Amino acid sequence: MSANETTPTPTPASNFILQLIDEHNANGKFAGRVATRFPPEPNGYLHIGHAKSICLNFGIAKKYGGTCNLRFDDTNPSKEEQEYVDSIMDDVRWVGFQWDGLYYASDYFEQIYQWAIVLVKKGKAFVCDQTPDQVRETRGTPNRAGENSPFRDRSVEENLKLFEGMKAGEFADGSRTLRAKIDMGHANINLRDPILYRILRAHHHRTGDKWCIYPMYDWAHGQCDSIEQITHSICTLEFEHHRPLYDWFIRELGIYAPQQIEFSRLNLTYTVMSKRKLLTLVKEKHLSGWDDPRMPTISGLRRRGYTPEAIRAFCERIGVSKYEGTIEMAWLEDALRADLNKKAERRLAVLRPIKVVIDNYPEGQVEELDAVNNPEDPAAGMRKVPFSRVLYIERDDFREDAPKGFFRLAPGKEVRLRWAYFVKCNEVVKDASGNITELRCTYDPATKGGNSPDGRKVKGTIHWVSAKHAIPSEVRLYDHLCKVAFPDEVPEGQDFTVNLNPTSLEVVTAMLEPSLKDVAIGTKVQFERLGYFSVDKDSAPGKLVFNRAVTLADTWAKMEKKGK
RNA sequence: UGGGGUAUAGUGUAACGGUAGCACAGCAGUCUCUGAAUCUGCUUGUCUAGGUUCGAAUCCUAGUACCCCAGCCA
């Protein structure tokens with residue numbers, strides 16, 4: 001990359017996978033070719049951990065001028081659905097990548113079947129009639145060798161006949177398997193005569209009812225990689241001790257050999273990441289679905305208000321290694337703030353309104369005041385905001401007994417209303433039970449626009465909305481999915497659901513400035529001093545719904561919390 | 001009593017025998033019509049014990065801790 005070339009992202013950090021690829025390119029192992037693949041099983045929605053893998057695999061292809069395929073690992077029809085296939089393609093594209101080839105493991109079922117026959121003929125695979133229980137019992141344990149299946153020594157002819165019978169549907173589900181003949185005493189359990197095919201009559205989302213035997217992951221994955229001429233087959237750490245088996249199959253078949261490389265999966269604080277747990281959340285209706293904005297799914301993050309740029313920057317920043325750590329959620333949030341700070345236009349919105357009457361402002365008068373759309377982006381321009389006698393301000397921005405260091409409104413204190421005037425609070429109106437219902441203030445007409453000609457300073461600037469121009473809107477305030485950083489750490493007999501955050505969603509009716517009236521679904525804005533918000537798909541004409549994607553850093557809240 | 005992995009600030013990640021760097025978090029300050037952003041500075045680290053070496057995060061030896069593996073799941 002030339003020095004004067006301008007790229008949006010800095011040179012990515014070096015990592016062990018890139019170093020290995022550099023070595024391969026240097027020693028000619030793959031003739032300088034780089035081909036990766038992203039191989040999801042379509043049994044659930046993609047999450048931020050998959051985004052890490054997507055960025056890695058597609059990123060490598062891009063960096064080296066190679067290719068990256070999207071390949072669905074659809075070898076278990078009992079769990080896989082077209083809905084998931086569709087969502088996965090959407091998500092990969094949304095994250096920002098386009099695959100070179102689109103494939104399915106099921107595209108290769110015939111070839112994989114033929115290869116199984118090759119193995120049988122070599123005497124390296126046999127049909128086993130053991131029941132699932134017997135298979136388990138004779139597999140041994142990590143500390144105890146397994147025992148050979150009594151069917152291990154069947155003749156090649158008998159195996160061939162039986163295996164054909166399996167394929168032809170002559171046997172009941174689960175009654176037989178095809179197993180590799182390796183070593184029941186091997187220290188690596190994966191090499192103790194692993195099952196290659198099981199009989200399973202399930203409708204496959206692509207092949208329909210054509211097959212009643214399906215290859216296991218180990219028997220399919222490497223061969224798919226080989227067919228696609230993948231150079232670097234990148235997967236997560238739990239597959240590390242499958243690598244000897246991956247290599248064994250390729251070697252016995254004498255076919256092209258990709259290099260499997262394992263890295264550690266992403267863990268994040270305050271959420272859960274396993275598909276099983278995410279499925280639990282959806283099925284047990286702890287939240288609204290796979291794309292609930294509290295989900296760490298890509299579709300959830302998208303709905304929440306995350307941008308592809310933020311996701312990619314995050315994935316870049318966290319790096320790649322074999323160390324199994326947990327990344328702080330603050331990293332993800334920071335990536336979003338950094339991106340939206342540059343892009344999102346600012347608006348005034350009051351989440352928890354309290355009424356303010358400007359006593360000395362003429363009844364019926366309305367002024368259109370100038371407001372900057374985005375101080376970080378002059379090109380974003382200006383807009384008008386209406387000001388009138390009755391306003392709403394944030395409840396948090398008023399204190400009857402202002403603590404030390406409180407810059408906002410309080411009896412007798414003056415603050416600036418953003419883009420408008422200096423106002424001073426003179427009176428607090430309460431209802432019978434003592435709740436504040438209204439504040440009576442006066443404004444200084446000389447401070448129009450927010451500056452005082454006499455050079456007088458105010459410490460605080462607060463946001464506001466003109467009451468009669470305000471658009472009431474539903475705003476969903478999201479917080480962490482889980483109330484603790486490590487939700488999987490639970491007492492005996494309990495599961496992660498006990499750590500779900502009961503206040504992860506608070507819904508308020510906010511008052512918005514009128515320029516937001518026709519904002520489109522998916523639009524991101526900063527509500528000044530509050531956070532970044534995204535227009536939810538539940539919005540309808542005349543009924544806006546916003547999601548809070550992330551709050552702004554809040555020094556005052558931190559100070560107050562510390563003070564207590 | 002098996003096999004496969006991993007250990008660098010609070011959290012991640014570099015450094016590949018030669019000044020332990022970066023980011024996020026935290027703290028202090030600056031700036032500010034957002035208590036945001038910006039900008040400045042600061043605190044905190046090589047799992048342990050030996051050894052080799054002028055010099056070790058890096059090499060050697062011995063430990064320790066943690067993760068994964070006994071689905072006809074992927």
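Please read all numbers here as calculations on a predicted model, not as lab measurements. Just so it is clear: chains get the letters A, B, ... in the order the sequence lines come, proteins before strands, and each one is counted from 1. Note: hydrogens, waters and symmetry copies are ignored here, and every other heavy atom, side chains too, is used.
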Problem - Spacing of the P atoms in B:C68 and B:U61 (rounded, Å) - result: 28 Å
Handout entry: Sugar-phosphate, base or nothing in reach of A:Pro244, heavy atoms under 4.0 Å
Key = nothing
Problem - Identified ring pair (Phe, Tyr, Trp, His ring centres under 6.0 Å) partner of A:Phe527 from the options A:Phe533, A:Trp464, A:Tyr532 - result: A:Phe533
Handout entry: Geometric class of the A:Tyr443/A:Tyr421 ring pair [parallel <30°, tilted 30-60°, perpendicular >60°]
Key = perpendicular
Handout entry: For atom CE of A:Met329 and atom P of B:C24, their distance in whole Å
Key = 18 Å
Exercise for the section: Select base, sugar-phosphate, or nothing to describe what A:Glu528 touches, counting heavy atoms under 4.0 Å on all strands. Expected result: base
Practice task
Let me know the distance between CG of A:Leu279 and P of B:C73, rounded to the nearest Å.
Solution key: 17 Å
Fill in the blank from the handout: Heavy-atom closest pair (A:Ser149 atom, A:Cys128 atom, distance to 0.1 Å) is OG-SG, 3.2 Å
Exercise for the section: For A:Lys459, answer base if it contacts any base atom (sugar-phosphate contacts may also be present), sugar-phosphate if it contacts only those atoms, and nothing otherwise; contact means non-hydrogen atoms under 4.0 Å. Expected result: nothing
Exercise for the section: Give a yes/no on whether any side-chain N or O of A:Thr75 is located under 4.0 angstrom from OP1 or OP2 of B:A74. Expected result: yes
Handout entry: Pi-cation contact, A:Tyr113 with A:Lys167 (under 6.0 Å, within 45°)
Key = yes
Practice task
Establish whether the base of B:U34 is bridged to the side chain of A:Gln526 by a donor-acceptor pair shorter than 3.5 Å.
Solution key: yes
Exercise for the section: Mind checking A:Asn143 for me? I need base, sugar-phosphate or nothing, with any heavy atom below 4.0 Å counting as a touch. Expected result: base
Handout entry: Sugar-phosphate only, base, or nothing, as touched by A:Gln19 at under 4.0 Å among non-hydrogen atoms
Key = base
Practice task
Anything under 30° is parallel, anything over 60° is perpendicular, the rest tilted; go ahead and classify A:Tyr108 against A:Tyr103.
Solution key: tilted
Handout entry: C1' atoms of B:C66 and B:U40, separation to the nearest Å
Key = 39 Å
Handout entry: Pairwise C1' distance for B:G17 and B:C59, with rounding to whole Å
Key = 8 Å
Practice task
May I have the distance from A:Phe239 (atom CZ) to B:C67 (atom P), rounded to whole angstrom?
Solution key: 19 Å
Problem - Separation of B:U34 P from A:Phe527 CZ (nearest whole Å) - result: 19 Å
Practice task
Could you measure between the two C1' atoms, the one in B:A57 and the one in B:U8, and give it in whole Å?
Solution key: 7 Å
Exercise for the section: Could you check how far NE2 of A:His241 sits from C1' of B:U6, rounded to whole Å? Expected result: 13 Å
Problem - Phosphate OP1/OP2 of B:C69: any A:Arg192 side-chain N/O under 4.0 Å - result: no
Problem - Whether A:Tyr45 and A:Tyr84 hold their rings parallel, tilted or perpendicular, with breakpoints at 30° and 60° - result: perpendicular
Exercise for the section: Grab the two heavy atoms, one from A:Asp73 and one from A:Pro42, that are nearest each other, plus how far apart they are. Expected result: O-CD, 3.9 Å
Problem - RNA chain B: stems of at least 3 consecutive Watson-Crick or G-U pairs whose donor-acceptor distances fall under 3.5 Å - result: B:2-7 with B:64-69, B:10-13 with B:21-24, B:26-29 with B:39-42, B:47-51 with B:59-63
Problem - C1'-based separation of B:C39 from B:C31 [nearest Å] - result: 8 Å
Practice task
May I ask you to evaluate whether A:Ser321 reaches the phosphate of B:U13, defined as a side-chain N or O under 4.0 Å from OP1 or OP2?
Solution key: yes
Practice task
Using the P atom as the reference point in each nucleotide, state the distance between B:G55 and B:G63 in Å, no decimals.
Solution key: 26 Å
Practice task
Please work out if A:Val320 contacts a base, only the sugar-phosphate, or nothing of the nucleic acid, heavy-atom cut-off 4.0 Å.
Solution key: sugar-phosphate
Exercise for the section: Using a 4.0 Å heavy-atom cut-off across all strands, classify A:His242 as base, sugar-phosphate, or nothing. Expected result: base
Practice task
Could you measure between the two P atoms, the one in B:C67 and the one in B:C42, and give it in whole Å?
Solution key: 38 Å
Completion exercise
Testing B:A25, B:A36, B:A70 for proximity to the side chain of A:Thr141, the answer is B:A70
Exercise for the section: Using a strict 4.0 Å threshold on nitrogen-to-oxygen distance, state whether A:Glu228 and A:Arg37 make a salt bridge. Expected result: no
Problem - Shortest non-hydrogen contact from A:Ala125 toward A:Leu196 - result: CB-CD2, 4.3 Å
Practice task
Round to a whole Å and report the spacing from OH of A:Tyr246 to P of B:G4.
Solution key: 21 Å
Practice task
Name the nucleic acid region contacted by A:Glu328, choosing base, sugar-phosphate or nothing; use a 4.0 angstrom heavy-atom cut-off, strictly under.
Solution key: base
Exercise for the section: Provide, to the nearest angstrom, the distance between the CZ atom belonging to A:Arg276 and the C1' atom belonging to B:A74. Expected result: 14 Å
Problem - Among B:G5, B:G35, B:A36, the nucleotide that comes nearest once only the side chain of A:Lys322 is considered - result: B:G5
Problem - Nearest-Å distance once atom P is located in both B:C16 and B:A7 - result: 16 Å
Problem - Short side-chain N/O contact from A:Lys457 to OP1 or OP2 of B:U32, under 4.0 Å - result: no
Exercise for the section: State whether the aromatic ring of A:Trp556 stacks on the base of B:G35, taking stacking to mean ring centres under 5.5 Å apart and ring planes under 30° to each other. Expected result: yes
Practice task
Could you say whether the aromatic ring of A:Tyr323 and the base of B:A7 stack, counting only centre distances under 5.5 Å and plane angles under 30°?
Solution key: no
Exercise for the section: Calculate the interatomic distance between A:Lys52 atom NZ and B:G12 atom P; express it in whole Å. Expected result: 11 Å
Practice task
Using the six-membered ring wherever Trp is involved, compare the ring planes of A:Tyr104 and A:Phe72 and label them parallel, tilted or perpendicular (cut-offs 30° and 60°).
Solution key: parallel
Handout entry: Residue-phosphate contact under 4.0 Å: A:Arg198 side-chain N/O, B:C73 OP1/OP2
Key = yes
Practice task
Assign each of A:Asn190 and A:Gly450 to its nearest nucleotide of RNA chain B by heavy atoms, then name whichever residue's nucleotide is nearer the 5' end.
Solution key: A:Gly450
